[in-house]
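Worksheet: one structure, shown below.
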Amino acid sequence: MTDPAQRQPSLAERAMAARGSQAAAGYLAGLNPEQRAAVETIDGPVLVLAGAGTGKTRVLTTRIAHILSQRRAFPSEILAVTFTNKAAREMKERVAHLVGEAVEGMPWLGTFHATGVKILRRHAELVGLKSGFTILDTDDQIRLLKQLIQAENIDEKRWPARVLAGAIDGWKNRALTPDKVPAGEAAAYANGMGLRLYADYQARLKVLNAVDFGDLLLETIRLFRENDDVLAEYQRKFKFILVDEYQDTNVAQYLWLRLLAQRQEGRPQNICCVGDDDQSIYGWRGAEVDNILRFDKDFPGATVIRLERNYRSTGHILAAAAHLIAHNEGRLGKTLFTDGEDGDKPTLTSVWDSEEEARSVGEELEQIQRQGQPLNGTAILVRASFQMREFEDRFITIGLPYRVIGGPRFYERLEIRDALAYLRCVAQGSDDLAFERIVNTPKRGLGDATLQQLHDHARAQGVPLMQAARVLVETEEMKPKARNALKGLIENFDRWAGQIEAMPHSELAQLVLDESGYTEMWQKDKTAEGAGRLENLKELVRSMEEFENLAGFLEHIALVTEARGEGEIEDAVSIMTLHSAKGLEFDTVFLPGWEEGLFPHQRSLDENGRAGLEEERRLAYVGITRARRRAKIYFAGNRRIHGLWQSTVPSRFVNDLPSDHVEISEGLGTSGYGGMGRGNFGQSRFDKVETFSSTYSTPGWQRAQAQKALADAQARFTGRSGSQAFGSTFAEGRGGFQGRLTDRSGGGRTIDGELIAKSSGEPSRYQPGDRVFHLKFGYGDVVAADGNKLTVQFDKAGEKKVVDSFVQAA
DNA sequence: CTTCCGTATGTTTTT
DNA sequence: CATACGGAAG
């Protein structure tokens, strides 16, 4: 997001901007004409089509600065919505930077959901809620649905709660309340019970005084629709509306915006949406590209501004991306260009299999390292997270620092959710879902039977579970063991609650975790996980210090799920999915796994046909456009899928690339198999030409042919149906694999030794027999030490070769 | 209540 | 292959 080409305004310029005079156009300096138009056209609806790397965020933030300095609105009169907290934070920082500290932060700059909560808390009673309502996350949601499903005596195995949760989310994304769900769709779940369950669920939420994420938007819509005065108040309030990533909005968000942006007194609202239809990659979670495609119909007289001047990538990279995305239909059409140099052509490398792919990428990264370039400028962008593993394994072996972006998020981790449940109970004894979660964690002998008893009583009396427990422990209805345990727990909660005012909340949190036995539970757990979990708990307590009080902290958490910033490695290659790479940029981007079935993903094609394919292609476009200087695409001829090796065929996206702007890279250890047998075994996509008849001579095509020949030969070699046997050869480990590859390519490939980490020559700090701990593999015993390279027998993960800097003495 | 075994199931992710 | 979850046995 940081553009070297886009300089920061000088101090003087910022001071002038803060003064807000006409001469203050300092913040406008350095904008290109289109950006400037996007900033200055503040009246009426505006759609800014901002291609990748064209300064989208800069336009948004400068536009806000412009509105403020023109005195058209106070900060509190500007509504600016984003999808992620990260984007919101970044915008806040940049606006503050532009405008100076004089202006208080913008109260209405936030995510759709955060904004929804803010509005909803003020008018909760109008939609049947109390202002202190809790926000359920996916986990709570599923547990609640499970209960409802059980209550209806539906076979939970055939109709899992997560499926229903998915359906409900989907309906909510489309703003479908139970009465609006199309009959056909409603019948799809549990023989027509889906709708009933949806309605039950909504009713139950009201009883619990809770909402889920979808409701944050839907209930706000309902609030606006049913209360003209409230709607009018907000319409008047928000003189300017700005929307980031408009291509990602779903129906509910669209309706939400429309309500707020309705014309008033005949004048169109000042709404500005920024987005890029070519980067719409979230259709599967409800995003409607159509929203952006339809913008000028929704907002007649809209000004459409295209930002096509790219400040990020070199010429060849842009050309490759442009050619690729041009294969999509139904786009608004933009062509990125740059005045910068052509740079290196994106490379295309064919590798034998995914192991070689990882090895090859690893070597390129070492090369970059040797050249003294930071690994922070590099990233590996994969389609599916299972691809990450092979890279991780390889990098651990060679001792290359890496970091995985994404994965389980901090606040979604089991231990964090447990800890939060404790805190929720302390803060609000009526939080049934939280209570249920931790009533028997750690184990205190309160099983299903006890819980059922509590439930029955709670329902009969119409009180929260904690209250029911309070009553029941005073009776003889419970077994003494359970009764005592429960009694102790309740006493604890009462004591903790009594101390909310008495001590800082982070200390209280620590106290709760310790006294409840929760910390101890993980201390007893001697796996790698246990240690990490204790770390996370520590991190949680530490992060609480930044908040004023417990309630404020809990509200924050409900809406924020950002990855923890703990233990950052200073210079490392990032591994992440293409989806999570959107919005980021790197000098060098590795794009592995460009194979049919994986990318485009088979499921995407099966389930969404042409639309699915186009979304996958946009994903490829996003991938390439992340690169500033180098994009390196790989495809493997063999990949292990569901445990067995399958031969694969290069992605059709490879053929969508322009040969003039792509360089074939001779992969490591794979060159020269072009001369392999030309057998024609079986049909493949490459036997039929219809789809890409125009690309016969593209590098991708040629590679594909070579690759196919290889695959065919392989099939012959192993007796075709023997992919199983083939797999087992590989499964025997690296030694077997090496021999195999050398045999096969016949060219005396020198891969021996490549598989082994560089030995530093210095004796290791560790000796055979030492007990060590590894972040990924947990505890283990050193079997052998060769320089800085150790062979360790891990308790859980088995024998692995690791570099000693990755372990610590245990 | 815990442990272990068998079976199903293998995209993408935010709030 | 490898993991995750649910059910049955201890």
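Here is how names work: the chains are called A, B, and so on, in the same order as the sequence lines, proteins then strands, and each is numbered from 1.
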Taking the P atom of each, how far is B:dT11 from C:dA4, in whole Å?
12 Å
Near DNA chain B, under 4.0 Å by heavy atom, which residues of residues 282-291 of chain A?
A:Tyr282, A:Trp284, A:Arg285
With a cut-off of under 6.0 Å to the ring centre and 45° to the axis, is A:Arg285 in cation-pi contact with A:Tyr282?
yes
Testing A:Asp140, A:Asp431, A:Asp418 one by one against A:Arg437 for a salt bridge (charged side-chain N to carboxylate O under 4.0 Å, His left out), which residue passes?
A:Asp418
How would you label the contact of A:Asn440 with the nucleic acid (heavy atoms, under 4.0 Å): base, sugar-phosphate, or nothing?
sugar-phosphate
Can you tell me if the side-chain N/O atoms of A:Thr577 get under 4.0 Å from OP1 or OP2 in B:dT13?
yes
Salt bridge or not between A:Glu355 and A:Arg640? Use side-chain N to carboxylate O under 4.0 Å.
no
Rounded to whole Å, please give me the gap between NE2 in A:His113 and P in B:dT14.
12 Å
Heavy-atom nearest pair, A:Glu614 first then A:His327, reads OE2-O, 4.4 Å
Would a distance-only check, ignoring hydrogens and angles, find a side-chain to backbone donor-acceptor pair under 3.5 Å from A:Thr249 to A:Tyr246?
yes
Between B:dT13 atom P and A:Asn173 atom CG, what is the distance in whole Å?
16 Å
Would you classify A:Thr138 as touching base, sugar-phosphate or nothing, given that sugar-phosphate means primed atoms plus P, OP1 and OP2, and contacts are heavy atoms under 4.0 Å?
base
Quick one: which of B:dG10, B:dT2, C:dA2 gets closest to the side chain of A:Arg389?
C:dA2
Expressed in whole Å, how much space separates the P atoms belonging to C:dC5 and B:dT12?
15 Å
Of the listed B:dG10, B:dT13, B:dT11, the closest approach to the A:Ser580 side chain comes from B:dT13
Protein-nucleotides 7-9 of chain C N/O pairs closer than 3.5 Å?
none

Rounded to whole angstrom, note down the C1' distance from B:dT13 over to C:dA2.
23 Å
From CZ of A:Arg640 across to C1' of B:dT9 the rounded distance in Å is 17 Å
Would you mind classifying the nucleic acid contact of A:Glu615 as base, sugar-phosphate or nothing, using non-hydrogen atoms under 4.0 angstrom?
nothing
Among B:dT11, B:dG10, B:dT13, the one nearest A:His642 by side-chain distance
B:dG10
